[in-house]
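Data block below; observations after.
All heavy atoms count here, side chains included; hydrogens, waters and symmetry mates do not. Naming: A, B, ... by sequence-line order, numbering from 1 per chain.
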There are 2 protein chains.
Amino acid sequence: MNSVGIVAEYNPFHNGHRFQFQSAKKLAQSDIAIAVMSGNFLQRGEPALVNKWTRTKMALQAGVDIVIELPYAFAVQNAEIFAYGAVSLLNAIGCRNICFGSESGDIHQFYETVQFINDHKDEYDTYIRKFIKQGISYPSALSSAFKELKPNGNIVDLTKPNNILGYHYMTAGEIINTSISFHTVKRKSAEHHDEYLSGSSITSATSIRKSIHFHSDFNEIREYVPNGTFIELHNYHDMFGQFHSWEQYWSLLQYKILSMTKEELEEIYDVSEGLENRLIKASQSSSSFEEFMTFIKTKRYTWTRLQRTCIHILTNTKKQTIQSLDKNPQYIRLLGMNERGREYVRTIKKELQVPLISKVSGFQNDMLELDLKASNIYALALSEPERSILLKQEFAQPPILYENKY
Amino acid sequence: MNSVGIVAEYNPFHNGHRFQFQSAKKLAQSDIAIAVMSGNFLQRGEPALVNKWTRTKMALQAGVDIVIELPYAFAVQNAEIFAYGAVSLLNAIGCRNICFGSESGDIHQFYETVQFINDHKDEYDTYIRKFIKQGISYPSALSSAFKELKPNGNIVDLTKPNNILGYHYMTAGEIINTSISFHTVKRKSAEHHDEYLSGSSITSATSIRKSIHFHSDFNEIREYVPNGTFIELHNYHDMFGQFHSWEQYWSLLQYKILSMTKEELEEIYDVSEGLENRLIKASQSSSSFEEFMTFIKTKRYTWTRLQRTCIHILTNTKKQTIQSLDKNPQYIRLLGMNERGREYVRTIKKELQVPLISKVSGFQNDMLELDLKASNIYALALSEPERSILLKQEFAQPPILYENKY
């Protein structure tokens with residue numbers, strides 16, 4: 001069986017995601033689509049709208065064959081580390097193909113671009129350092145450096161967010177040195193950052209979230225998501241009374257910062273020099289997460305980078321903890337699969353170099369500990385008995401088996 | 001001017017407190033009553049019903065002449081350290097008399113008892129160690145050891161809570177080696193732990209708090225408190241919409257424990273060996289502070305000891321922080337005074353060995369830092385704009401001057 005890997009967050013799963021994995025299967029001539037998906041906290045430094053199990057169900061119902069979890073230690077990270085973790089896991093579960101969405105849509109352009117950057121590595125890095133010195137964020141420095149190189153020929157525009165991610169997947173593939181083939185699908189219609197619902201039936205997850213958070217209107221999103229997503233969102237809201245957003249964790253974050261010393265803050269992962277004082281001051285004077293973020297935002301860091309820092313403070317994730325972890329995933333956590341996915345797992349199980357885990361109890365691993373702690377904290381947005389229900393799922397739920405029964 | 005010192009928490013100030021300081025002035029033939037009062041967190045390991053400024057106003061209106069603050073590092077401590085801090089501060093502000101309430105009411109008994117215990121120190125300590133080994137709490141071990149000594153003659157019953165405190169004040173006096181004279185007033189009517197409002201006009205602070213928390217009925221307490229207390233409680237509730245209780249901090253405590261590693265918990269002051277695991281487990285499964293406490297309670301620790309431990313976790317107060325502090329107070333923080341008190345301060349100011357501080361801004365001291373952090377966290381029970389109002393008071397309020405203007 002030939003599998004194609006997809007890197008995803010499915011927050012929530014929408015029509016664009018369905019289009020992506022269906023295209024991926026065609027492009028890679030694969031019969032199995034495997035999604036490696038962030039858990040309860042995401043790359044943008046946000047809690048997921050609904051937990052990992054519900055998002056797994058959405059994906060399975062739409063036809064994804066296997067969903068595995070991207071551990072916190074890779075998920076809440078910059079694009080480079082995020083991509084490295086995701087590609088490593090897809091490689092570990094036997095994917096010889098990986099497909100990603102991009103603004104470019106032309107995989108040859110990507111291969112040429114990776115080659116081009118490799119050939120101009122020193123020059124590129126010099127430009128990046130120069131721009132960072134000027135006080136702009138790392139992602140901005142990357143794209144500015146890219147512009148300065150003035151590439152000719154068939155080169156991907158690395159100032160676009162999805163192209164950049166694709167670039168990182170492919171360089172991760174080079175580092176891991178596998179025989180993985182990369183494919184790309186041109187993103188349909190909506191730009192990644194579009195905030196308002198457009199007329200077409202594909203729109204970004206961002207605009208869907210805004211619609212849910214600010215208009216509390218499910219019907220508004222109906223045409224942009226598969227029916228499974230629609231139903232799962234409804235069920236989650238019925239069960240837990242809410243969706244997750246940063247504001248629910250604000251009082252905990254504020255308390256956390258106010259109870260820490262400057263030295264303790266410095267020990268937190270991603271808290272870079274000079275940021276501690278601003279964090280402490282902002283936590284004193286802010287009455288919402290939005291206000292807090294506006295206070296700490298500067299040109300030097302992106303909004304998402306600062307949100308990730310806040311997630312690490314919230315989960316008490318230290319520099320030392322992340323540094324002491326293995327660089328490569330030591331397990332593959334299976335969140336769900338359909339019958340085809342199960343058959344695939346049966347086939348490849350014996351060849352796997354890292355264990356495939358179905359239950360977290362009894363499996364000891366520092367990276368997994370981080371995920372469980374993150375889930376404990378994710379659940380604090382809920383009161384009892386909802387919190388316990390959510391936690392029981394996290395700690396006891398076996399992989400979801402989708403048998404067209406929903 | 002001759003001053004008498006009183007150790008208090010005034011949570012809230014009631015008729016018994018008024019009786020106590022009036023008797024103290026008579027007994028010690030003093031014209032000035034100085035109360036050293038716990039700040040926002042108390043010896044029982046609880047947040048004070050209302051903040052330190054409101055409790056200061058209550059005391060001043062009832063006739064206390066000066067109120068100074070017992071720092072967090074002494075207040076949220078066992079009886080011995082609490083007593084040492086309080087007596088040190090009263091000594092530092094020039095009190096040559098200290099008066100305390102007791103079940104005994106006979107100061108000669110106390111002097112003989114201190115002498116008796118000194119004479120039987122080794123025997124007493126041997127008994128204490130023996131009882132602690134049997135797994136009972138330290139305070140229980142003290143009173144059991146005392147019973148075993150079978151003292152004859154005019155000896156105080158150290159199985160009573162206020163007698164024990166008095167004993168600790170007097171031994172603190174011995175350690176500090178001052179010429180302080182001790183006096184005691186027999187507690188009127190109510191037992192310290194009485195939980196229900198009795199018919200008399202004196203009842204315990206505990207029963208007043210219960211009445212406020214559970215019946216939300218101010219009128220029920222009217223006959224047990226001076227008018228000033230009654231009005232201040234009303235004002236506080238109008239201003240901040242609530243009184244403070246542990247349950248308001250429960251979600252923060254729960255989050256804090258869930259986000260910490262076992263090793264980090266062990267670093268917290270008063271978290272003794274073996275307690276960490278129970279704390280972690282209880283925080284997972286409890287949905288209220290009451291439930292949490294019931295889960296972690298064993299014979300080995302008293303309820304108040306465990307509550308203090310929880311306050312230290314909440315405020316992130318570490319063993320190392322407490323150990324690195326000076327053993328003796330390095331400043332006297334003035335919370336309020338009346339005209340007589342002001343005159344007294346003017347008289348003694350030049351003779352003071354430690355600075356008397358009126359404003360916290362600009363004064364750097366590790367012990368004071370702890371108090372300010374505690375206040376930051378105390379304020380988190382409130383939402384905005386109330387939280388900012390409370391904090392502004394804490395950080396900018398000069399000592400309250402009571403001029404019969406209320």
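When all heavy atoms are compared, the tightest approach of Phe395(B) to Val360(B) is O-CG2, 3.6 Å. When all heavy atoms of Tyr249(B) and His244(B) are compared, the closest pair comes out as OH-ND1, 2.9 Å.
With a threshold of 4.5 angstrom between heavy atoms, Ile313(A) approaches chain B through N, CA, C or O but not through any side-chain atom. Residue Ile257(B) does not touch chain A at all, counting heavy-atom pairs closer than 4.5 Å. Looking at Ser259(B), the atoms closer than 4.5 Å to chain A (heavy atoms on both sides) sit in the backbone and in the side chain alike. At a 4.5 Å heavy-atom cutoff, the contact between Leu380(B) and chain A is made by side-chain atoms alone. Neither the backbone nor the side chain of Ser388(A) has a heavy atom closer than 4.5 Å to any heavy atom of chain B. For Ser286(A), the part lying near chain B is the backbone, with the side chain staying farther off; criterion is any non-hydrogen pair under 4.5 Å.
Among the candidates Leu391(B), Ile377(B), Asn316(B), the residue making the largest number of heavy-atom pairs closer than 4.5 Å to chain A is Asn316(B). Your options are Thr321(A), Leu314(A), Thr315(A), and the one with the most heavy-atom pairs under 4.5 Å with chain B is Leu314(A). In terms of non-hydrogen atom pairs under 4.5 Å with chain B, the most contact-rich of Leu258(A), Leu252(A), Asn376(A) is Leu252(A).
A cation-pi geometry, defined here as NZ or CZ lying under 6.0 Å from the six-membered ring centre and within 45° of its normal, holds between Lys327(A) and Tyr84(A).
No side-chain donor-acceptor contact under 3.5 Å links Glu276(B) to the backbone of Val271(B). Between the Asn235(A) side chain and the Asp238(A) main chain, no donor and acceptor come within less than 3.5 Å of each other.
Heavy atoms from other residues, nucleotides or ligands lying under 6.0 Å from NZ of Lys359(A) number 12 at most.
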- Given salt bridge (Lys or Arg N to Asp or Glu O under 4.0 Å), test Lys318(A) with Glu264(B) step by step and report yes or no. CA-CA 12 Å; Lys318(A) 302 190 171 179; Glu264(B) 287 173 321; 2.2 Å; yes
